[in-house]
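Just below is one structure, and these are the notes that go with it.
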Amino acid sequence: MPAKNHLSRRRFLLQSGAFSALLGTEIVFHKYLPPGLLPVALAETNTIAGKDPGLVVLNDRPLNAETPAHLLDDKVTPASRLFVRNNGIPPEAPDSDNWTLTISGESVEQEKSWTIQQLKDNFKHYSYQLTIECGGNGRAEFNPPAKGNQWTTGAVGCPKWTGVRLKDVLQASGIKPDAVYIGYYGADKHLSGDPGKFPISRGVPIHKALEDEALIAWAMNDEPLPLLNGFPLRLVFGGWPASTSGKWLQKIAVRNQIHDGAKMTGTAYRVPCNPVAPGSTVDETQMCIIEAMPVKSLITFPKSGVSQALTEPMLVRGHAWAGDKKVTRMQLSIDFGQTWLNAPLSSPVNKNAWQHWQHKLRFPKPGYYEIWAKATDDTGVSQPMVLPGWNPKGYLNNATHRIAVQVI
Ligand SMILES: Nc1nc2c(c(=O)[nH]1)N[C@H]1C(S)=C(S)[C@@H](COP(=O)(O)O)O[C@H]1N2
Ligand SMILES: [Mo]
């Protein structure tokens, strides 16, 4: 359902006079506020439990909210600043003590269920910082437009996750040699209310599932997962479309074929195998499943629109990531891409973690500038300056991030 519903609910609150309470202060000229007009302060904030008020709600049923770039400045994304992407209705109050994870499917020797305590007791714990990014991050810029949440740049984050290795748990159930894929099932409900339907059930090829960094996680930044991010248990596959990182995880099926759950088929999370003209209709047989995400970066400091004194150098910083690869070069431009400066770049703390870069910039004279940021991965592939290949669902937009600067 579109975001306007969300707004109309807020308008209702306004009519009932509750807005002053939400703002925490009196709206002095309340009687002159045109009916239906949202106080700016409220339009710019949200009231999602446990989330930073700066997250921007794109849809309220299901809930989808993204994080403005300047709120992603932390090296380790705080739970309060990790985006939320829901396809269905999350479980209301999951009972973590009695939660079970079942490993099943045609390619395991033996179906097995584990409580979270059993997972904690039977397997070694690992913590990794893993970047998760929605495959549709950046969708808003595609033209012709693609349906779906109009993510700008904020459906990405890199918290520290703790749990057990998926491979250890799979091996304890015995994986048959014909295993090719895993598929997850979560406890969220389909929007239709039909209990027979899953809102989403995706997965990854077995080689990704068996990597050291593929986790069944119960913690984010040493705290239990936030409910909206999958409490009490979720999968985390860093560097791949975050749609593979199943939340409210109840079951993993080890498959002897490519998993065919909800949103694995048709055009969902697929792009044309070969480039197509914008607006084309693409035959399903010509669509390929998205695997590792492409190289990308964000400027997280300063905030776009900042004023900068000409006499001072300006500190600019952010993160860069490249799916399963490493970022090897980070470049900045203040002249719309005519010339580029190399910015020092850190190594990732572990595979699939984003890297950090920073640089001090000087400007030749007062006026309007844009800072463009471009990352290059270890195979020499760089971010495109404008939009990458158009695709029907608007996935994989890794165009350079730009911010505006006023030099005075
Ligand atoms: N069970 C379940 N898992 C899910 C989803 C969902 O709707 N239900 N959404 C997926 C998608 S599309 C994304 S981008 C990520 C978002 O993770 P986050 O909400 O923790 O940021 O979760 C994935 N896992
Ligand atoms: Mo997603």
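Sequential numbering from 1 along the given sequence is applied to the chain's residues. Every number for a ligand or one of its atoms is a count from 1 in the order of the listing.
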For ligand 1, list every N/O pair with the protein closer than 3.5 Å, one pair per line with the distance.
{"from": "ligand 1", "atom 1": "1 (N)", "to": "Asp188", "atom 2": "OD1", "distance (Å)": "3.0"}
{"from": "ligand 1", "atom 1": "1 (N)", "to": "Asp188", "atom 2": "OD2", "distance (Å)": "3.3"}
{"from": "ligand 1", "atom 1": "1 (N)", "to": "Lys247", "atom 2": "O", "distance (Å)": "3.0"}
{"from": "ligand 1", "atom 1": "3 (N)", "to": "Lys247", "atom 2": "N", "distance (Å)": "2.9"}
{"from": "ligand 1", "atom 1": "7 (O)", "to": "Asn87", "atom 2": "N", "distance (Å)": "2.7"}
{"from": "ligand 1", "atom 1": "7 (O)", "to": "Asn87", "atom 2": "ND2", "distance (Å)": "3.0"}
{"from": "ligand 1", "atom 1": "8 (N)", "to": "Asp188", "atom 2": "OD2", "distance (Å)": "2.6"}
{"from": "ligand 1", "atom 1": "9 (N)", "to": "Arg85", "atom 2": "O", "distance (Å)": "3.3"}
{"from": "ligand 1", "atom 1": "9 (N)", "to": "Asn87", "atom 2": "ND2", "distance (Å)": "3.1"}
{"from": "ligand 1", "atom 1": "17 (O)", "to": "Arg234", "atom 2": "NH2", "distance (Å)": "3.3"}
{"from": "ligand 1", "atom 1": "19 (O)", "to": "Arg85", "atom 2": "N", "distance (Å)": "2.9"}
{"from": "ligand 1", "atom 1": "19 (O)", "to": "Lys247", "atom 2": "NZ", "distance (Å)": "2.5"}
{"from": "ligand 1", "atom 1": "20 (O)", "to": "Asn229", "atom 2": "ND2", "distance (Å)": "2.7"}
{"from": "ligand 1", "atom 1": "20 (O)", "to": "Arg234", "atom 2": "NH1", "distance (Å)": "2.7"}
{"from": "ligand 1", "atom 1": "21 (O)", "to": "Phe83", "atom 2": "O", "distance (Å)": "2.7"}
{"from": "ligand 1", "atom 1": "24 (N)", "to": "Ser245", "atom 2": "O", "distance (Å)": "3.0"}

(message) Under 6.0 Å between ring centres: does that hold for His259 and Tyr185?
(response) yes
(message) Is it the case that the side chain of Arg329 and the backbone of Asn342 share a donor-acceptor pair, with hydrogens and angles ignored and the cut-off at 3.5 Å?
(response) no
(message) With a 3.5 Å distance limit and no angle check, can you tell me whether Arg270 reaches the backbone of Lys393 through a side-chain donor-acceptor pair?
(response) no
(message) Which residues pass the side chain to side chain contact (heavy atoms under 4.5 Å, CB included) test with Asn350, not counting sequence neighbours?
(response) Tyr128, Gln129, Leu130, Ala353
(message) I'd like to check the side chain to side chain contact (heavy atoms under 4.5 Å, CB included) partners of Val180; sequence neighbours left out, ordered by chain and number.
(response) none
(request) Apply side chain to side chain donor-acceptor pair (under 3.5 Å) to Gln117 and list each qualifying residue two or more places apart in sequence or on a separate chain. (result)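 Applying side chain to side chain donor-acceptor pair (under 3.5 Å) to Gln117 gives Asp121.
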